[in-house]
Enquirer: 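One structure follows; several queries about it will come next.
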Protein chains: 2
Amino acid sequence: MQESSSVESKTRSTPETPLLGRLRQMIVTGVVQPGDLLAETALAQDFEVSRTPIREALKQLEREGLVEVRSRVGTFVRKPTQREIHEMFSLKEAFEGLAAGLLARRGAVPELEQLKENVARSQRAVERGDAELYSQLVHEFHSTLVAGADNRKLTEHYDLLMNQLAYHRIVSQTLSLPGRLQNSKDEHQAIIDAISSKDPLAAELVMRRHVAASSQSAALAAMKEEDEEQPG
Amino acid sequence: MQESSSVESKTRSTPETPLLGRLRQMIVTGVVQPGDLLAETALAQDFEVSRTPIREALKQLEREGLVEVRSRVGTFVRKPTQREIHEMFSLKEAFEGLAAGLLARRGAVPELEQLKENVARSQRAVERGDAELYSQLVHEFHSTLVAGADNRKLTEHYDLLMNQLAYHRIVSQTLSLPGRLQNSKDEHQAIIDAISSKDPLAAELVMRRHVAASSQSAALAAMKEEDEEQPG
DNA sequence: TTACAATTTGTTGCATGCAAGAAATGCTAG
DNA sequence: CTAGCATTTCTTGCATGCAACAAATTGTAA
């Protein structure tokens, strides 16, 4: 299953102090809500350590954009602005497009098989109308695709981005939109086809279209009004 | 003219403790070399503060990939592997391609004028054979282009990437390759043309081609530098 | 009640002490 | 000289105390 942190990958020079991961997960999964105060002293007591390691973790989270440290006032869980969400989806599109292209260039790798199996399971989830399972599979699909690009720097930046997007909550809302669920699965299949035919350009294009479509749904779900122009 | 940090942008929630920026610049500009030990106590004396803020800054730099903290051994300036350099250039291509597309979609903005003027100055630098000035202008061109995309998240990730690439040293060597200098200027002009004609796809394509070409040169230069260290 | 100043409370920022561990050094035996 | 072990040194990891500052609270006067 997953590591202690939410979207974080396996490799890390320092073995990832559990503290940072646990705090990050609390934020990403919504255990603590935007605006909540994360006081060093209180956290230190909760985790039964001193303020120092807590403080270091909070500084990291600030760098990751998950919290805001207001000097001598407090550290607060941050909520991305609508603009930031839009910006991050642009980046998501670029990252996953790049990943699809790189994966297509690599050819037949284990990750490609994983993707095929993912779509098969997704098909069954769609038939059963199991939105919860499907949401999980969607996450796995994108995660596997990026991993398959075999580019650690890309993975690093991608994880950073997705943590800040607090992917789970936004996407699970998105998928409940009518029709989007079946569409999404078909698009995943199209992506696999493009990758399988070892056509990096096509793979990137299809992937980016897919992400753009999802993003639009997600943006709609996050905020009702706000009409955006779509590239094409 | 630059901020305290090297490639960092203006906006930052916390006003960017000077310490972090100064340390970062020391690494990026090569004042301290890869493999060098950055001992907390020594730095604390140099900067006339206690170990605590030094320690926090070093942890940030670890997160940025500039140093490696080996537990209870020391913090060392990190040197990107050849693979990482390759990976980062892939990301650079994606980032700047995205930026070019976004900028093309924005249309006529101040940054576009800055780019035009940059090329004009570059032309003069080429004619005079002033490689040093040209190197600076190249940096400015790419920096302005990304800024012109008006996407702060993109800028954040881009800055993170470029700091780790320690751009200056690699690029300045790159440009000395024969012919590359004039080519580079022409490509910059082509990028501006695509952006001016408000064709995001074309702009992205041309930009990515340009970055790919530069990257290849830079990769060669980096390998060359690598070889020069080994014989000993 | 309202305005406003003084005080109290709560939080982070920084300095410092000490312990844990890794690596270098020296020492001893052969 | 070499190998192996003890010791010393150097470094980070963490705990804690105190100062600086912001914000909330209280008290007071009109």
Side-chain angles (χ1 to χ4, degrees), chain A residues 3-5 8 11-24 26-27 31-79, chain B residues 3-5 8 11-27 31-79 232:
Chain A
E3 197 68 21
S4 61
S5 79
E8 190 106 359
T11 45
R12 191 116 211 104
S13 59
T14 300
E16 173 88 9
T17 162
L19 256 186
L20 178 57
R22 286 170 69 185
L23 276 171
R24 193 188 288 119
M26 285 175 62
I27 296 172
V31 174
V32 290
Q33 294 284 322
D36 283 0
L37 169 66
L38 298 180
E40 295 175 2
T41 312
L43 290 173
Q45 289 177 350
D46 288 352
F47 289 99
E48 293 179 327
V49 294
S50 86
R51 277 180 54 209
T52 310
I54 295 285
R55 183 176 174 73
E56 285 175 1
L58 289 178
K59 279 289 168 71
Q60 293 281 10
L61 293 175
E62 181 189 29
R63 185 74 184 73
E64 296 180 19
L66 294 180
V67 304
E68 177 187 0
V69 179
R70 290 168 54 188
S71 185
R72 268 148 187 159
V73 176
T75 303
F76 301 89
V77 180
R78 202 161 162 286
K79 179 180 186 175
Chain B
E3 199 67 22
S4 61
S5 77
E8 189 107 358
T11 45
R12 191 118 212 102
S13 57
T14 300
E16 172 88 9
T17 161
L19 256 186
L20 178 56
R22 285 171 68 185
L23 276 171
R24 193 188 288 119
Q25 195 164 33
M26 285 173 63
I27 297 172
V31 174
V32 292
Q33 294 284 321
D36 283 1
L37 169 66
L38 297 181
E40 295 176 2
T41 311
L43 290 174
Q45 289 177 350
D46 288 352
F47 289 100
E48 294 178 326
V49 293
S50 87
R51 276 180 55 212
T52 310
I54 295 285
R55 183 176 174 73
E56 286 174 0
L58 289 179
K59 280 288 169 71
Q60 293 281 7
L61 293 176
E62 182 189 29
R63 177 71 189 69
E64 297 180 19
L66 295 180
V67 304
E68 177 186 1
V69 179
R70 290 169 53 190
S71 186
R72 273 155 181 151
V73 176
T75 303
F76 301 90
V77 179
R78 203 162 164 286
K79 179 180 185 173

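Excluded from the calculations below are hydrogen atoms, water molecules and symmetry mates; all remaining heavy atoms, backbone and side chain alike, are included.
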Enquirer: Quick one: R55(A) CZ to dG17(D) C1', roughly how many Å, whole number?
Expert: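 The answer, rounded to whole Å, is 14 Å.
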
Enquirer: Less than 4.5 Å apart, any side-chain heavy atom of Q33(A) and any of D36(A)?
Expert: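 In short, these two side chains touch, coming nearer than 4.5 Å.
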
Enquirer: Could you tell me whether the phosphate oxygens of dT11(C), OP1 or OP2, come under 4.0 Å of any side-chain nitrogen or oxygen in R70(A)?
Expert: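 Answer is no, no contact under 4.0 Å.
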
Enquirer: Please compare V49(A) and L38(B) by the position of their nearest nucleotide in DNA chain D and report the one closer to 5'.
Expert: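 Per heavy-atom nearest nucleotide, the more 5' residue is L38(B).
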
Enquirer: Please state how far atom CD in Q45(B) lies from atom P in dC10(D), giving the value in whole angstrom units.
Expert: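 Distance, rounded to whole Å: 13 Å.
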
Enquirer: Starting at atom CZ of R72(B), determine the distance to atom C1' of dG21(C), rounded to an integer number of angstrom.
Expert: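 These atoms are roughly 6 Å apart.
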
Enquirer: Which part of the nucleic acid does I54(A) contact within heavy-atom distance under 4.0 Å: base, sugar-phosphate only, or nothing?
Expert: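 Nothing, no heavy atom under 4.0 Å.
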
Enquirer: Which part of the nucleic acid, if any, lies within contact of T52(A), taking any heavy atom under 4.0 Å across all strands shown: a base, the sugar-phosphate backbone alone, or nothing?
Expert: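 The answer is base, as T52(A) lies within the cut-off (heavy atoms under 4.0 Å) of a base atom.
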
Enquirer: Does S50(B) place a side-chain N or O at less than 4.0 Å from the phosphate oxygens OP1/OP2 of dC14(C)?
Expert: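 Answer no for this pair, as no side-chain N or O of S50(B) is under 4.0 Å from OP1 or OP2.
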
Enquirer: Roughly how many Å is it from CD in E40(A) to C1' in dC18(D), rounded to a whole number?
Expert: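 Roughly 15 Å, once rounded to whole Å.
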
Enquirer: Between K59(B) and E56(A), does any side-chain N to carboxylate O distance fall below 4.0 Å?
Expert: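 Salt bridge flag = yes for E56(A) with K59(B).
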
Enquirer: Strictly below 4.0 Å: does R51(A) bring a side-chain N or O up to OP1 or OP2 of dT11(C)?
Expert: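 No, no such contact exists.
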
Enquirer: So which one's nearest nucleotide on DNA chain D is more toward 5', V73(A) or E48(A)?
Expert: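 Counting from the 5' end, the first nearest nucleotide belongs to E48(A).
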
Enquirer: Would you mind reading off the distance between F76(A) atom CZ and dA23(D) atom C1', rounded to a whole angstrom?
Expert: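 So the CZ-C1' distance, F76(A) to dA23(D), works out to 10 Å.
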
Enquirer: Within the structure provided, determine whether F47(A) and I54(A) are in side-chain contact (heavy-atom separation under 4.5 Å).
Expert: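 They are in contact (side-chain heavy atoms under 4.5 Å apart), so the answer is yes.
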
Enquirer: F47(A) has an atom CZ; how far is it from atom P of dC14(D), in whole Å?
Expert: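 Computing the F47(A):CZ to dC14(D):P distance gives 14 Å.
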
Enquirer: I want to check something: taking the side chain as every heavy atom from C-beta on, are T41(B) and R51(B) in contact at a cut-off of under 4.5 Å?
Expert: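 Yes, at least one pair of side-chain atoms sits under 4.5 Å.
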
Enquirer: Measure CG/D36(B) against P/dT11(D) and give the value in whole Å, please.
Expert: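 Rounded to whole Å, this separation is 13 Å.
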
Enquirer: So, OP1 or OP2 of dT11(C): does either fall under 4.0 Å of a side-chain N or O from S71(A)?
Expert: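 S71(A) to dT11(C) OP1/OP2: no side-chain N or O under 4.0 Å.
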
Enquirer: Rounded to the nearest angstrom, tell me the gap between atom CG in L58(A) and atom C1' in dT11(C).
Expert: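 So the two atoms are 12 Å apart, to the nearest Å.
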
Enquirer: I want to check something: taking the side chain as every heavy atom from C-beta on, are V69(A) and L61(A) in contact at a cut-off of under 4.5 Å?
Expert: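 V69(A) does not reach L61(A) side chain to side chain.
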
